[in-house]
Amino acid sequence: MPSKMYLGLLASVLVLPALGQSNSTGLDAYLEAEEPIAIAGVLANIGSSGSKVEGAADGIVVASPSKSDPDYFYTWTRDASLTFKAIIERFIDTGDAELETLIRSFITGQAALQGVENPSGGLATGGLAEPKFHVDMSAFTEAWGRPQRDGPALRATAGVAYARYLLEKGDTANVKDIIWPVVNNDLSYVSEYWSQQGFDLWEEVQGISFFTLISQHRALVEGSALAAEIGLDCPNCDSQAPQIRCKIQSLWQDEGFMLSDVANNGRTGKGTNTVIASIHSFDPAAGCDDATFQPCSSKALSNLKLVVDSFRTYEINSGIPEGEAVALGRYIEDVYMGGHPWYLTTTAAAEQLYYAVATWTKVGSITIDDVSLAFFKDVYADAAAGDYAADSEEFTAITTAVTALADGFLAVVMEYTPEDGSLAEQFGKSDGKPLSAKDLTWSYAALLTAKAARDGKLPASWGADKATDVPTACEDSSATGAYATATNTAWA
Ligand code: NOJ
Ligand code: NOJ
């Protein structure tokens, strides 16, 4: 029987070599247990067979089963598309046929939804950016923060991800006949409207949102590449993507962070909008490119540090020193539901850091410059500007410390996950108790992609490496393309 002292000794022996690192054994066990809960949580919220969303149409993702306080029993194009992006990545990894059936019903459902007249317009008159619909796919006609121009872009990205998979398998017919018509409508929308103001992903700010721009840029770049692969083209994608890229750079602040929104809203402008943007823009083939805000780029790392530090004032974060993970919300001035940390914003920080480590490992070096120095000093006190090759002591020390920091963010999520493993939208800034919409689909999807990143399962490249040149003069441009009802839903 080991004595108490022996256990203490054992603990210090185990912990000492990895000082500053979270207890990864506890985290491993949590994630192993949480993954099946998260996938079940996602599936329960998708119609028409989802156990918690009776009445939802086929392939329709309900944001949460919660029908009051808050009422999230709707389908948001953003939540649905990000959820399906995660499902598609999981399907490509596991080959689970049940997931592929769902993916097809999602695309078929979106083809129909694109044609539903709504307060933002019709198919060719702005309606694609309507933020949410009833779960039976009818229009939601009450007042709302509309339009939200990230939706069409995110939906295109989900469609392209599945199309890339099919093309690799030699299935051009389904891509050309079924997926492309849906994707093309969304690309037309983005090309036409990206430079106009709209509501941000948090549905509050009328302006230009960093997350929206990043989503739009990615959609046009990969949409154009997909078109080329099936013998078509997207000239408007090609003319507009560089202009969006130009606009993206203009949101950089010399203090070292990306402005969440260009809007007159009296906030500091730091927020996890930008961290979610970085993981959404991740391309494992793009290195640490600043222009596309890759997770390991100097700008994205500096931004992450400043954003994380802006949340240190939450009571549950008190006493945790700089350089260590804390619970993150949307932005510190948030008052929605009282303004608390969210699960999906906290997992986003972890996901960015896992992607950063994966990229450094892939390219075989880490570069520290003046922009990223403060971030690196937080995790590795001796950090200095320079290039560190994979066989250097610094490389090992930094990748170990950054992985530990990433684990730290997931350990925060672990700490505030209730015993049954369910993930709501938020958790209390003072007591860590789950808050707001229960069983939030996006929370579960975010947990799944963060865990996949930790497990080294990286999403496919989307062509960011060919989209790094920034025009010298930015223009708030626009190009009008074609819209056509996507009628073919007969999967070959
Ligand atoms: C509902 C939105 O979903 C949420 O993001 C927002 O904070 C509140 N409305 C307040 O505007
Ligand atoms: C409020 C969030 O701010 C928004 O991003 C989300 O789309 C809706 N809730 C639905 O989950």
Side-chain angles (χ1 to χ4, degrees), residues 38 41-42 44-46 50 52-53 56 60-86 113 118-120 128-135 140 142-155 157-158 198-207 209-212 214-215 260-261 263 265-267 271-277 279-280 328-348 422-427 429 434-447 449:
V42 166
N45 291 352
I46 302 178
K52 293 190 172 167
V53 292
I60 289 298
V61 179
V62 181
S64 150
S66 173
K67 288 188 174 171
S68 64
D69 200 23
D71 182 0
Y72 275 26
F73 206 74
Y74 296 93
T75 185
W76 272 260
T77 304
R78 168 182 40 263
D79 299 48
S81 302
L82 289 171
T83 297
F84 264 97
K85 181 172 172 240
L113 208 55
N118 62 65
S120 296
L128 295 179
E130 176 67 5
K132 69 176 200 183
F133 293 83
H134 289 289
V135 303
F140 169 77
E142 288 161 46
W144 205 252
R146 59 169 69 87
Q148 295 178 15
R149 305 188 201 276
D150 56 337
L154 299 171
R155 178 165 54 200
T157 285
F199 277 82
D200 68 317
L201 79 166
W202 307 137
E203 319 193 276
E204 296 176 327
V205 177
Q206 166 91 64
S209 158
F210 185 72
F211 174 77
T212 302
I214 281 278
S215 310
S260 288
D261 305 274
N265 61 359
R267 300 182 193 158
T272 45
N273 167 333
T274 57
V275 180
I276 299 171
I279 61 176
H280 184 68
L328 307 180
R330 302 193 296 185
Y331 51 91
I332 198 63
E333 303 91 339
D334 198 357
V335 293
Y336 175 54
M337 293 277 163
H340 296 277
W342 287 41
Y343 293 102
L344 68 92
T345 53
T346 307
T347 59
S422 65
L423 295 178
E425 180 185 69
Q426 313 182 22
F427 50 101
K429 61 185 163 191
L435 271 175
S436 189
K438 63 182 178 198
D439 290 316
L440 189 81
T441 316
W442 189 1
S443 293
Y444 289 126
L447 188 286
T449 54

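In listed order, ligands and their atoms are each counted from 1. Everything numeric in this text was worked out from a predicted model, so none of it was measured.
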With a 4.0 Å heavy-atom cut-off (strictly under), which part of Met337 contacts ligand 1: side chain, backbone, both or neither?
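Neither part.
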
* Do the charged groups of Glu425 and Arg330 touch, with an N to O distance under 4.0 Å? ->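 Salt bridge flag = no for Arg330 with Glu425.
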
Discussion item. Between the side chains of Arg267 and Glu204, is the shortest nitrogen-to-carboxylate-oxygen separation below 4.0 Å, so that they form an ion pair?
Written reply: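 Arg267 and Glu204: salt-bridged.
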
Margin query: Within the 3.5 Å criterion, strictly below it, is a donor on Thr212 or Asp150 matched to an acceptor on the partner's side chain?
Written below: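 Note: Thr212 and Asp150 side chains miss the donor-acceptor criterion.
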
With a 3.5 Å cut-off and no angle check, do the side chains of Asp439 and Tyr444 form a donor-acceptor pair?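 Yes, a side-chain donor-acceptor pair sits under 3.5 Å.
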
- prompt: Does Trp144, backbone or side chain, put an N or O under 3.5 Å from an N or O of ligand 1?
  reply: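 By distance alone, the answer is no.
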
Considering only heavy atoms, does [X] approach ligand 2 within less than 4.0 Å through its side chain, its backbone, both, or neither?
{"X": "Trp76", "result": "side chain"}
{"X": "Glu425", "result": "side chain"}
{"X": "Tyr72", "result": "side chain"}

Short N/O distance, under 3.5 Å, between [X] and ligand 2?
{"X": "Asp79", "result": "yes"}
{"X": "Leu440", "result": "no"}
{"X": "Arg330", "result": "yes"}

Q. Under the 3.5 angstrom rule, does the side chain of Ser443 hit a backbone N or O of Leu344 as a donor-acceptor pair?
A.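 Pair absent, no side-chain N/O of Ser443 close to backbone of Leu344.
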
Which of the atoms in ligand 2, numbered in the order shown and given with their element, are less than 4.0 Å from a heavy-atom of [X]?
{"X": "Trp442", "answer": "5 (O)"}
{"X": "Ala63", "answer": "10 (C), 11 (O)"}
{"X": "Trp342", "answer": "2 (C), 3 (O)"}

Residue and atom name of the nearest protein heavy atom (relative to [atom]), distance in Å to one decimal:
{"atom": "atom 9 (N) of ligand 1", "result": "Tyr336 CE1, 4.3 Å"}
{"atom": "atom 2 (C) of ligand 1", "result": "Glu203 OE1, 3.2 Å"}
{"atom": "atom 5 (O) of ligand 2", "result": "Leu201 O, 2.7 Å"}
{"atom": "atom 4 (C) of ligand 1", "result": "Trp202 O, 3.6 Å"}
{"atom": "atom 7 (O) of ligand 1", "result": "Glu204 OE2, 2.5 Å"}

Q.
Determine whether the aromatic ring centres of residues Trp342 and Trp442 are separated by less than 6.0 angstrom.
A.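 For Trp442 and Trp342, the ring centres are not under 6.0 Å apart.
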
(message) Could you check whether Tyr74 and His134 have their ring centres less than 6.0 Å apart?
(response)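 Yes: the rings meet the under 6.0 Å criterion.
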
### Query
So which of Thr441, Thr75, Val53, Ile46 actually passes side chain to side chain contact (heavy atoms under 4.5 Å, CB included) with Val62?
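Of all the options given, the one that passes is Val53.
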
Legend entry - Distance-minimising heavy-atom pair for Ala424 and Tyr343: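 Closest approach of Ala424 to Tyr343, heavy atoms only: O-CD1, 3.2 Å.
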
Shortest non-hydrogen separation from Gly207 to Ala263 and the atoms involved: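 Residues Gly207 and Ala263, closest heavy atoms: CA-CB, 4.3 Å.
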
